[in-house]
Amino acid sequence: MIGGTMMAAYLRVPMLTFSQSSTATTRRCRNQRTRCSVNAATNTAKIPMPPLNPKDPFLSKLASVAASSPETFLNPPRNSDTPPFLDIFDSPTLMATPAQVERSVSYNEHRPTRPPPDLPSLLLNGRIIYIGMPLVPAVTELVVAELMYLQYMDPKEPIYIYINSTGTTRDDGETVGMETEGFAIYDSMMQLKNEIHTVAVGAAIGQACLLLSAGTPGKRFMMPHAKAMIQQPRIPSSGLMPASDVLIRAKEVLINRDNLVKLLAKHTGNSEETVANVMRRPYYMDATKAKEFGVIDRVLWRGQEKIMADVAPPEDWDKGAGINIVDEF
């Protein structure tokens with residue numbers, strides 16, 4: 001005690017008893033807690049807040065929650081099933097309905113009112129069917145359906161079929177479809193009451209050449225640089241089939257070949273022997289040769305109508321040659 005008195009006198013600090021020192025310590029702790037709480041409230045009030053849109057329900061809700069219970073943001077749930085800040089809503093709602101977004105000028109100013117139709121639909125509206133792929137089941141299904149639809153819409157107006165197809169094979173000769181695909185389209189064409197105008201653009205090979213020649217007589221056309229070709233049907237890949245099954249397929253291919261020969265002879269005006277002989281190997285025809293063979297009736301090329309109109313009639317040719325024709329009474 002004497003040492004403590006001497007130290008206090010040396011430092012000129014009043015000596016406190018044990019009870020006094022404990023009371024002072026308690027007061028300091030209380031004062032410190034009060035200052036901490038005041039500072040915390042002051043810091044919370046000084047947090048900068050962005051300007052709020054009074055019409056935005058989401059930001060208004062955030063501001064009210066931050067003012068009433070800031071611990072919601074300080075201690076968010078770790079295993080929440082909802083995205084952050086959305087769990088304060090009872091039932092999250094869209095800021096704008098799809099109908100409101102669709103009517104927005106900035107979003108819908110240059111958009112069409114309805115989706116554009118696909119190209120086959122546009123051509124179908126003009127009663128045009130375009131066969132631009134090998135005759136696989138999907139193509140056959142579409143063409144047959146379009147033929148039936150066009151007849152249902154108007155059984156008197158003509159139907160125009162543009163053909164650019166390699167038939168049931170590819171360019172390299174590999175089989176991609178059964179011969180029955182071409183026969184299905186052919187039978188559908190024969191059942192229609194409408195006139196069918198066929199036009200070859202590009203290529204008409206195999207079964208596609210049969211469809212070209214099956215148009216209404218006098219309405220079968222071909223572009224100047226298009227190609228037509230007839231050939232024998234090919235056996236599809238047999239793989240690991242047994243020999244007996246390969247023989248069955250070979251017999252079926254021969255039956256399809258005979259049917260193809262008969263139909264081509266019917267529509268081209270040639271005998272079956274002539275068609276069978278030229279089909280021994282692939283028989284290519286340009287527009288002129290196809291017309292001579294009877295596959296088409298006319299070659300289409302730009303300007304032919306004007307040239308035919310400029311041709312002088314036979315009477316003028318006779319008059320220019322000095323031939324006088326006396327009318328007989």
Minimum heavy-atom distance between [X] and [Y], given as atom pair plus value:
| X | Y | value |
| --- | --- | --- |
| Ala287 | Met223 | CB-O, 3.6 Å |
| Thr175 | Gly177 | CG2-O, 3.4 Å |
| Pro224 | Val299 | CA-CG1, 4.0 Å |
| Ile296 | Arg220 | CB-O, 3.7 Å |

Mind checking what makes side chain to side chain contact (heavy atoms under 4.5 Å, CB included) contact with [X], not counting sequence neighbours?
| X | value |
| --- | --- |
| Ile196 | Ile161, Met189, Leu192, Thr198, Thr216 |
| Val144 | Thr140, Met148, Ile185, Ser188 |
| Ala265 | Glu272, Val275 |

Ignoring hydrogens and geometry beyond distance, is a side-chain donor-acceptor pair present between [X] and [Y] at under 3.5 Å?
| X | Y | value |
| --- | --- | --- |
| Glu179 | Thr168 | yes |
| Thr288 | Asp286 | no |
| Thr166 | Thr169 | no |

I want to check something: taking the side chain as every heavy atom from C-beta on, are [X] and [Y] in contact at a cut-off of under 4.5 Å?
| X | Y | answer |
| --- | --- | --- |
| Ile131 | Asn164 | no |
| Phe183 | Gln207 | yes |
| Ile163 | Val199 | no |
| Val295 | Cys209 | yes |
| Asn194 | Leu150 | no |
| Arg127 | Glu157 | yes |
| Lys219 | Glu195 | yes |

At what distance, to the nearest 0.5 angstrom, does [atom1] of [X] lie from [atom2] of [Y]?
| X | Y | atom1 | atom2 | result |
| --- | --- | --- | --- | --- |
| Ile205 | Ser165 | CD1 | OG | 8.0 Å |
| Lys156 | Gln151 | NZ | CD | 13.0 Å |
| Leu124 | Leu147 | CG | CG | 9.5 Å |
| Met229 | Met279 | CE | CE | 10.0 Å |
| Leu135 | Leu211 | CG | CG | 6.0 Å |
| Gln191 | Lys193 | CD | NZ | 11.0 Å |

Do you reckon [X] sits in the same ILVMFWY cluster as [Y], going by side-chain contacts under 4.5 Å, direct or chained?
| X | Y | result |
| --- | --- | --- |
| Val143 | Met133 | yes |
| Tyr284 | Leu264 | no |
| Val278 | Leu254 | no |
| Leu142 | Leu119 | no |

Taking only residues at least two apart or on different chains, which pairs with a member in residues 244-283 satisfy ring-ring contact (aromatic ring centres under 6.0 Å, His included)?
-> Tyr186-His267, Tyr283-Phe293
Sequence neighbours left out, what pairs pass ring-ring contact (aromatic ring centres under 6.0 Å, His included) with at least one residue falling in residues 189-221?
-> Tyr160-His197
side-chain hydrogen bond (donor to acceptor under 3.5 Å, both in side chains): which pairs involve residues 252-266, sequence neighbours left out?
-> none
